[in-house]
Amino acid sequence: MSQVRVRFAPSPTGFLHIGGVRTALFNWLFARQQQGVFILRIEDTDQSRSTDESIQAILQGMKWVGLDWDEGPFRQTERMDLYRSHAMKLFETGHAYWCVCKAEELEARRKEAEAKGLSPRYDGRCRNLRITNPPGDAALRFKAPQEGQTVIDDLIKGKVVFDNTVVDDLIILRSNGYPTYNFSVVVDDALMGITHVVRGDDHLTNTPRQIPIFEALGFAVPRFGHLPMILGADKTRLSKRHGATSIMAYRDMGYLPEAMVNYLVRLGWSHGDQELFTRQELIDKFSWGHVQKSAAVFNPDKLLWMNAEYIKTSPPAQVAQALVPLLEQDGLKQEVEAVSGKWLAQLVVLVKERAKTLVEMVDWVRPYFGQGATFEVEAAKKFLTPTTAPLLQKLLTRFEVLPSFSKQVWEDSFKKLVEEEGIKMGALAQPVRVALTGRTASPGLFEVMEVLGRDRTLFRLRKGVERASLQ
RNA sequence: GUCCCCAUCGUCUAGCCUGGCCUAGGACAUUGCCCUUUCAAGGCAGUAACACGGGUUCAAAUCCCGUUGGGGACACCA
């Protein structure tokens with residue numbers, strides 16, 4: 001069997017959509033598993049909607065989720081000669097003809113047909129005109145077979161049969177000389193040696209239009225696979241009104257690329273009961289047979305859970321690295337530069353169990369930068385009171401005589417004081433928590449002290465006593 | 001309207017191809033309990049589904065037909 005060659009072929013008309021990422025992912029996974037080739041092709045033949053910014057967004061998105069391509073990115077606008085020469089070849093072999101119908105006329109006829117309840121197909125009126133010297137604004141149409149059936153043995157849907165009577169003669173070269181999608185795709189897929197065309201199932205009905213073109217051109221027909229769509233909570237096609245759909249928006253919301261990949265693959269594919277997969281496991285275990293045939297509803301809750309799992313289990317240094325840009329955006333650039341990567345990783349370990357996103361993590365981590373704590377007003381009011389001041393002072397006095405920080409020793413010392421005072425843990429823990437972090441919620445106190453270090457712990461305790469004495 | 005695809009808990013899904021082991025499993029969400037210095041995390045338990053109707057069969061979530069419902073496509077967009 002020859003080498004697998006697959007492609008991802010987005011059109012650059014906006015940001016990279018998460019549905020697009022999933023399509024790319026399935027192709028990429030299959031290529032990596034089969035030691036095949038993954039090609040990136042930009043379908044920009046619609047010059048009015050394509051933009052360079054979109055191309056950049058696509059490349060950026062692909063890189064962020066770690067989908068590397070082996071060939072490309074190719075741009076269709078750089079391959080115009082290929083489409084034109086193959087179109088002329090079809091004309092010369094009698095598989096295509098010039099059509100002089102005006103776009104407005106076609107539109108009007110389509111509307112008329114629809115109004116009568118007929119299917120809005122091209123009526124084929126130029127088919128037998130045998131125009132050989134077309135006017136400059138003529139379009140070239142493919143002469144589609146009108147009898148028989150086109151059968152697709154789909155990788156995902158299985159056998160799908162279309163009557164050829166339902167496909168009309170589609171335009172392959174517009175009057176401006178640009179190829180249309182259904183034609184340029186065929187030429188590229190054939191010329192690039194694509195063995196498996198895997199795309200969204202919104203393309204399923206395009207397939208019986210494309211197969212006859214492969215055949216007319218004398219090319220081998222690739223295998224096809226049509227992935228089910230991603231839906232919003234209301235079961236309609238996922239769009240902006242369901243929330244963020246741009247892959248980069250998820251980076252900005254604090255999602256880890258590994259979590260996005262895992263979630264997106266699991267949306268429509270499964271391997272028994274397993275939910276979490278490493279990239280390598282995905283490559284090893286992927287199979288078309290377990291790709292779901294039906295559309296799937298995008299569930300932000302499950303994605304959030306999965307992101308939390310990745311935050312908890314990924315190497316802390318890696319999470320810290322992803323966190324840094326968000327920290328800097330949040331105005332902590334100087335503070336971040338002042339600390340070591342090792343300490344940052346330690347910080348991640350401190351809070352990773354409570355942050356479901358990196359954005360949440362920024363908030364959890366903020367109290368540990370800088371010398372002093374910033375007290376939340378309500379927290380200070382409740383716990384740093386004149387009654388707690390002497391208690392805090394006693395703890396401070398005991399800690400001050402300890403030469404260096406030791407979790408065990410400091411915790412013992414703390415508990416001993418609680419015992420001697422005959423108070424509950426919380427009665428001392430909460431004021432200390434507020435003194436150290438400025439907040440009423442934080443990780444375990446002694447883990448906090450460890451991250452803060454002896455000096456800052458004592459400093460903040462002192463400030464806490466001061467604040468408590470004030471009220 | 002025509003054509004195509006699809007149908008298991010609220011959601012993602014296992015099971016379906018190769019009927020019986022399904023009293024339908026897992027995960028997210030949700031509810032309760034436990035743990036606990038706070039907030040989380042974690043542990044345990046609970047609620048919750050084979051769309052409907054006909055067949056075939058000793059036996060159907062699984063095979064067949066129909067109905068209903070959902071989605072997609074019908075451009076000189078991709």
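Chain letters run A, B, ... following the sequence lines, proteins first, then strands; residues in each count from 1.
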If you look at every strand shown and take non-hydrogen atoms under 4.0 Å, does [X] touch a base, only sugar-phosphate, or nothing?
X      : result
A:S294 : sugar-phosphate
A:C101 : base
A:A103 : base
A:L428 : nothing
A:P208 : nothing
A:L267 : sugar-phosphate
A:V351 : nothing
A:R110 : sugar-phosphate
A:G289 : nothing
A:K415 : nothing
A:S184 : nothing
A:N206 : base
A:H290 : sugar-phosphate
A:H203 : base

When you measure from the side chain of [X], which nucleotide among [options] comes out closest?
X      : options             : value
A:D46  : B:C76, B:G72, B:A78 : B:A78
A:Q292 : B:U13, B:A78, B:C6  : B:U13
A:K312 : B:G71, B:U37, B:A41 : B:A41
A:P120 : B:A78, B:G1, B:C76  : B:G1
A:K302 : B:A78, B:C12, B:U37 : B:C12
A:V160 : B:G42, B:C4, B:A75  : B:C4
A:T45  : B:U11, B:U37, B:A78 : B:A78
A:S270 : B:U38, B:G71, B:A14 : B:A14
A:L204 : B:C5, B:A73, B:A40  : B:C5
A:D273 : B:G25, B:U11, B:C6  : B:G25

Donor-acceptor pair present, [X] side chain and [N] base, under 3.5 Å:
X      : N     : result
A:E275 : B:G26 : yes
A:S175 : B:C76 : yes
A:R121 : B:C74 : no

Strand partner of [N], provided both Watson-Crick or wobble distances fall under 3.5 Å:
N     : value
B:G1  : B:C74
B:C63 : B:G55
B:A48 : none

Using the P atom in both, what is the distance from B:U62 to B:G19, to the nearest Å? 12 Å
How far does the P atom of B:C35 sit from the matching atom of B:A27, given to the nearest Å? 23 Å
Residues at least two apart in sequence or cross-chain that pass side-chain hydrogen bond (donor to acceptor under 3.5 Å, both in side chains) with A:R84, listed by chain then number, are none
Taking the six-membered ring for Trp and the full ring for Phe, Tyr or His, determine whether the centres of [X] and [Y] are under 6.0 Å apart.
X      : Y      : answer
A:Y263 : A:F277 : no
A:Y310 : A:Y255 : no
A:F399 : A:W410 : yes
A:F91  : A:H86  : no

Whole Å only: how far is the [atom1] atom of [X] from the [atom2] atom of [N]?
X      : N     : atom1 : atom2 : result
A:E447 : B:U38 : CD    : P     : 14 Å
A:D163 : B:C74 : CG    : P     : 19 Å
A:M425 : B:U37 : CE    : C1'   : 5 Å
A:D44  : B:A78 : CG    : C1'   : 11 Å
A:I230 : B:G72 : CD1   : P     : 13 Å

Taking for A:E43 and for A:A429 the nucleotide of RNA chain B with the nearest heavy atom, the one nearer the 5' end belongs to A:A429
Select from A:S442 and A:K157 the residue whose nearest nucleotide in RNA chain B is closer to the 5' end of that strand. A:K157
Whether A:R22 engages the ring of A:W28 as a cation-pi pair (distance to the six-membered ring centre under 6.0 angstrom, angle to the ring normal within 45°) should be assessed. no
More than 12 foreign heavy atoms under 6.0 Å from CD of A:E420: is that the case here? yes
Quiz question: by atom type and distance under 3.5 Å, do the side chains of A:H271 and A:S287 form a donor-acceptor pair? no
